[in-house]
Amino acid sequence: QVQLIESGGGLVQAGGSLRLSCAASERTFSYYAMGWFRQAPGKEREFVATSSWDGAGTLYADSVKGRFTISRDNAKSTVYLQMNSLKPEDTAVYYCAARTAAYRSSLQTDYTYWGQGTQVTVSS
């Protein structure tokens with residue numbers, strides 16, 4: 001059982017930046033693709049970004065492309081989401097997820113383990 005713990009959320013003004021972290025409890029993390037998803041109030045959870053096991057392959061939702069960057073440090077069993085130029089519409093609970101496969105995926109159903117989420121609020 002892999003446990004994922006997100007941190008780094010908070011309140012930020014529009015145009016600001018935040019970096020989310022997601023620490024995994026297992027060293028097998030280094031073999032897993034990782035993803036970030038988010039859920040805004042009253043909306044379905046949606047894909048944000050994903051990284052293959054080695055960080056070489058990444059994919060982003062169109063809404064965050066050019067503003068968000070996913071990265072990982074396998075030695076620390078941690079994946080990051082750097083969020084720049086934040087907008088009020090980025091306000092959501094952000095979840096990291098682990099896929100027991102090496103290749104990236106934007107599909108929620110491909111992910112086995114999920115964190116509890118961290119709140120990001122962007123004020124206008």
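Note that the structure is predicted; figures quoted are calculated from it, not measured.
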A.B. asks: L81 and L59: same hydrophobic cluster, using ILVMFWY side-chain contacts below 4.5 Å?
C.D. replies: no

A.B. asks: Using the rule given for side-chain contact (heavy atoms from CB on, under 4.5 Å), can you reason through W36 versus V64, listing the C-alpha separation, both sets of side-chain angles and the distance that settles it, and then say yes or no?
C.D. replies: CA-CA 11 Å; W36 286 97; V64 307; over 6 Å; no

A.B. asks: Could you tell me whether the side chain of E44 reaches within less than 4.5 Å of the side chain of Q39, counting heavy atoms only?
C.D. replies: no

A.B. asks: Looking at NZ of K87 and OG of S63, how far apart are the two atoms once the value is rounded to the nearest 0.5 Å?
C.D. replies: 8.0 Å

A.B. asks: Side-chain polar contacts of residues 14-25 - donor-acceptor pairs under 3.5 angstrom, sequence neighbours left out - could you list them?
C.D. replies:
{"unit_1": "S17", "atom_1": "OG", "unit_2": "N84", "atom_2": "OD1", "d": "2.9"}
{"unit_1": "S25", "atom_1": "OG", "unit_2": "Q3", "atom_2": "N", "d": "2.8"}

A.B. asks: Kindly state whether the ring of W53 and the ring of Y103 have centres lying under 6.0 angstrom apart.
C.D. replies: no

A.B. asks: Can you confirm whether more than 12 heavy atoms, excluding those of Y60, are under 6.0 Å from its OH atom?
C.D. replies: yes

A.B. asks: Using residues 116-124 as the side-chain source, report each donor-acceptor pair under 3.5 Å to any protein atom, sequence neighbours left out, with the distance given to one decimal.
C.D. replies:
{"unit_1": "T118", "atom_1": "OG1", "unit_2": "G9", "atom_2": "N", "d": "3.3"}
{"unit_1": "Q119", "atom_1": "NE2", "unit_2": "A92", "atom_2": "O", "d": "3.4"}
{"unit_1": "Q119", "atom_1": "NE2", "unit_2": "T121", "atom_2": "OG1", "d": "3.3"}

A.B. asks: Between W114 and F37, how do the two ring planes meet: parallel, tilted or perpendicular, split at 30° and 60°?
C.D. replies: tilted

A.B. asks: Taking the side chain from T58 and the backbone from G55, do they hold a donor-acceptor pair closer than 3.5 Å?
C.D. replies: no

A.B. asks: Could you give the distance from CG (D110) to CZ (R104), rounded to the nearest 0.5 Å?
C.D. replies: 13.0 Å

A.B. asks: Start with the C-alpha gap between K65 and D62, add the side-chain angles, then the distance that decides, and say whether salt bridge (charged side-chain N to carboxylate O under 4.0 Å, His left out) holds.
C.D. replies: CA-CA 5 Å; K65 201 173 296 182; D62 287 344; 3.0 Å; yes

A.B. asks: Taking side chain to side chain donor-acceptor pair (under 3.5 Å) as the test, write out the residues that go with S52, two or more places apart.
C.D. replies: D54

A.B. asks: E89: what forms a salt bridge (charged side-chain N to carboxylate O under 4.0 Å, His left out) with it, not counting sequence neighbours?
C.D. replies: none

A.B. asks: If hydrophobic clusters are built by linking Ile, Leu, Val, Met, Phe, Trp and Tyr wherever their side-chain heavy atoms come under 4.5 Å apart, do L4 and Y31 end up in the same one?
C.D. replies: yes

A.B. asks: Please lay out, stage by stage, how Y80 and I70 fare under the test side-chain contact (heavy atoms from CB on, under 4.5 Å).
C.D. replies: CA-CA 6 Å; Y80 305 97; I70 187 171; over 6 Å; no

A.B. asks: Who passes side chain to side chain donor-acceptor pair (under 3.5 Å) against Q108, sequence neighbours left out?
C.D. replies: R45

A.B. asks: Should Y95 and F68 be regarded as members of a common hydrophobic cluster, given that ILVMFWY residues are connected when their side-chain heavy atoms come within less than 4.5 Å of each other, either directly or indirectly?
C.D. replies: no

A.B. asks: Taking only residues two or more places apart in sequence or in another chain, which ones pass side chain to side chain donor-acceptor pair (under 3.5 Å) with E46?
C.D. replies: R38

A.B. asks: Please assess Y32 against T112 for the test side-chain contact (heavy atoms from CB on, under 4.5 Å), listing each intermediate value before the final yes or no.
C.D. replies: CA-CA 10 Å; Y32 295 164; T112 303; over 6 Å; no

A.B. asks: Measuring only between side-chain heavy atoms, which start at C-beta, is M34 closer than 4.5 Å to Y111?
C.D. replies: no

A.B. asks: According to a hydrophobic-cluster definition based on side-chain heavy atoms being under 4.5 Å apart (Ile, Leu, Val, Met, Phe, Trp, Tyr only), do V79 and Y113 belong together?
C.D. replies: yes

A.B. asks: For a quick test of reading the model, state the closest non-hydrogen atom pair linking N74 to F29 and the distance between them.
C.D. replies: OD1-CE2, 3.1 Å

